[in-house]
Amino acid sequence: MSKFPKNFLWGGAIAANQCEGAYNVDGKGLSVQDVAPKGWKYRPTEQPTEDNLKLIGIDFYNRYKEDIKLFAEMGFKVLRLSIAWSRIFPNGDDEQPNELGLQFYDNVFDECKKYGIEPLVTLSHYETPLHLAKKYDGWRNRKLIDFFEKYATTVFERYKNKVKYWLTFNEINSISHAPLLSGGIYTPKENLSKNDIFQAIHHELVASARAVKLCHKIIPDAKIGCMILGVPIYPLTPTPENMLKTLQAERENYYFSDIQVRGYYPSYANRMFEENNINLEITDQDVEDLKNTVDFVSFSYYMSVCESTDKSIEAGEGNIIGGVPNPYLEASEWGWQIDPKGLRYYLNNVYDRYQKPLFIVENGLGAVDELIEVDGVKTVNDDYRIKYLNDHLVQVAEAIKDGVEILGYTSWGCIDLVSFTTAELRKRYGFIYVDRHDDGSGTLERYKKKSFYWYKDIISSNGELLN
Ligand code: BGP
């Protein structure tokens, strides 16, 4: 018997800025990604530059029909994607939305519907309009709440009959690490105080709660969730000091979803505010707004990390939030430590904490793929990816047996796309290979990898074929 419920939402995930391209087409304004050719660690360029692979992406803007058809062939029940805010409100603070931008997503959602694929839409996936970053310093400014509310209202009204699953902010807990790409904050990171960051977080949390309220009002049969960068944290050694450090590090991430799920600030925040001289401006209306809590909790999961009080141990690489490497785990070519059982642990932990349905909306292996030709057909033998996904899904099944309620699973980058952290194309996640390379060359043709057929079988057997 399969452990996965009958209505389990199997699918894949992409984000506008990493796949659409068409960065200045049909009235789209610039987003922070259009001036970030090297990823989140670097300062933005003045203008979009040719070396920025995201300007063309994988040309999803023009090829979405072909791509959605391929997703349908794998049997996707759900497709997670984001709306580029700057396609709808080119500057972010415009009076009127851009009709051509709205039409594009109408077309995309209609195409999904044709195949019975449910869209799961992220309102803000690391792509704040650049104008909001430059003029208002992004989420540091309270005005962003109103701009976001207008944007959310516009898309809820427009797509209320087409989209029933929504997410507010992608990996909301990444803002202190990546203030520009995550929070649209133009001021260099080194010039920001903790107060600046936590005030920006507060604005995002209020905006998220207001979006939840609006969504429930405009689309009563929709579900809207939060989205966190999920990373289980283990103490490197079992000293009481390391345990406490681990608890603290976990809270740095749970801080966000604690508020989005419970509707108020956790008590542990008080001490943290006091010791860091953080004085937030929180209005009575904000307190009321925060009470609009999410329907489900979604997260990305790629890796786990360790914590230690030993300052001489260097942090390893990772999905934005890196940590002390775990001596018992292997790592991907990008140094992200692979930990399938960590996913089961994390699912149980989050479910114990909130008792809300969970949704795994990102998981996958970024790797260098080699396109080969077998019997005249181009493909990739990506057994390493199949193993990674299989091992993680086996743990999802275990968590379901543990009693965790899970709505679905969308594998990250189900078609190759531009990476977020390093903005490169050689780091591939897809079931579908896209012929485009870091030097900008390539035909943009799509080819099915071995994992394409594997995932199709997993979905059609509702997980029975996992091993
Ligand atoms: C998450 C982001 C995604 C995505 C993924 C993989 O942080 O939500 O946008 O890209 O990580 O990261 P990368 O593309 O850097 O491998």
Side-chain angles (χ1 to χ4, degrees), residues 11-20 31-34 36-42 52-54 57-58 60 79-85 120-128 167-184 204 225-231 253 256-257 298-305 316-323 331-338 343 346 359-369 384-385 388-389 392 409-431 434 436 438:
I14 55 178
N17 72 87
Q18 291 168 271
C19 70
E20 284 178 5
S31 92
V32 288
Q33 291 289 353
D34 298 322
K38 302 256 172 296
W40 68 279
K41 287 189 183 159
Y42 297 87
N52 187 344
L53 293 167
K54 288 168 276 192
I58 55 158
F60 181 78
L79 174 64
R80 174 178 179 227
L81 72 170
S82 68
I83 294 177
W85 186 351
L120 165 61
V121 175
T122 317
L123 289 168
S124 181
H125 193 130
Y126 294 152
E127 47 212 358
T128 309
L167 300 175
T168 57
F169 293 93
N170 182 64
E171 295 187 334
I172 188 166
N173 50 325
S174 62
I175 183 170
S176 50
H177 306 268
L180 176 65
L181 294 190
S182 177
E204 275 196 287
C226 57
M227 196 301 197
I228 44 180
L229 190 166
V231 55
N253 292 321
F256 300 79
S257 45
S298 80
F299 61 86
S300 59
Y301 179 79
Y302 295 91
M303 57 181 297
S304 60
V305 294
E317 286 303 317
N319 181 18
I320 312 173
I321 301 178
S332 77
E333 289 167 86
W334 272 263
W336 298 20
Q337 289 202 297
I338 301 171
L343 176 54
Y346 190 70
F359 206 137
I360 304 147
V361 295
E362 284 187 31
N363 173 238
L365 179 70
V368 176
D369 287 339
Y384 38 91
R385 182 167 295 109
Y388 178 101
L389 295 171
H392 282 76
Y409 173 92
T410 56
S411 145
W412 174 252
C414 45
I415 180 165
D416 292 347
L417 38 65
V418 183
S419 82
F420 168 71
T421 50
T422 47
E424 53 194 339
L425 256 160
R426 58 190 275 277
K427 187 180 190 187
R428 298 171 182 273
Y429 285 88
F431 303 113
V434 178
R436 187 158 193 244
D438 284 347

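We're numbering straight along the sequence, starting at 1. Whatever order the structure lists ligands and atoms in, that order sets their numbers, starting from 1.
- At least one heavy atom of Trp336 sits closer than 4.0 Å to an atom of ligand 1.
- A 4.5 Å side-chain heavy-atom check between Trp334 and Asn319 finds every atom pair outside the cut-off.
- In this structure, Ser419 contributes its side chain and Glu424 its backbone to a donor-acceptor pair below 3.5 Å.
- At least one N or O atom of Tyr429, backbone or side chain, sits closer than 3.5 Å to an N or O atom of ligand 1.
- Interface atoms of ligand 1 facing Thr421, defined by a heavy-atom separation under 4.0 Å, are 13 (P), 15 (O).
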- Message: Pair Ile14, Ile58 - check side chain to side chain contact (heavy atoms under 4.5 Å, CB included), show working.
- Response: CA-CA 11 Å; Ile14 55 178; Ile58 55 158; over 6 Å; no

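- Close approach of ligand 1 to Tyr302 (heavy-atom distance below 4.0 Å) involves ligand atoms 5 (C), 6 (C), 11 (O).
- Ranking the protein heavy atoms by distance from atom 7 (O) of ligand 1 puts Glu171 OE1, 2.5 Å first.
- Of the protein's non-hydrogen atoms, Gln18 NE2, 2.9 Å is the one closest to atom 10 (O) of ligand 1.
- Interface of Lys427 with ligand 1, defined as ligand atoms under 4.0 Å from a residue heavy atom, comprises 13 (P), 15 (O), 16 (O).
- Checking Asp416, Leu425, Val418 one by one against Val434, the side chain to side chain contact (heavy atoms under 4.5 Å, CB included) holds for a single residue, Asp416.
- Of the N or O atoms in Asn170, one or more lie within a sub-3.5 Å distance of an N or O in ligand 1.
- With a 4.0 Å heavy-atom cut-off, ligand 1 is reached by no atom of Ala15.
- Using a 30° and 60° split on the angle between ring planes, Tyr301 and His392 fall in the tilted class, from 30° to 60°.
- Checked against Gln33 for a side chain to side chain contact (heavy atoms under 4.5 Å, CB included), the options Lys54, His125, Gln18 give a single hit: Lys54.
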- Task: Check step by step if side chain to side chain contact (heavy atoms under 4.5 Å, CB included) holds for Tyr302 and Trp412.
- Result: CA-CA 10 Å; Tyr302 295 91; Trp412 174 252; 3.0 Å; yes

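- Among all protein heavy atoms, the one lying closest to atom 14 (O) of ligand 1 is Phe420 N, 2.6 Å.
- Aromatic pair Phe169/Phe256: ring centres not closer than 6.0 Å.
- Glu362 OE2, 2.7 Å is the protein heavy atom nearest to atom 8 (O) of ligand 1.
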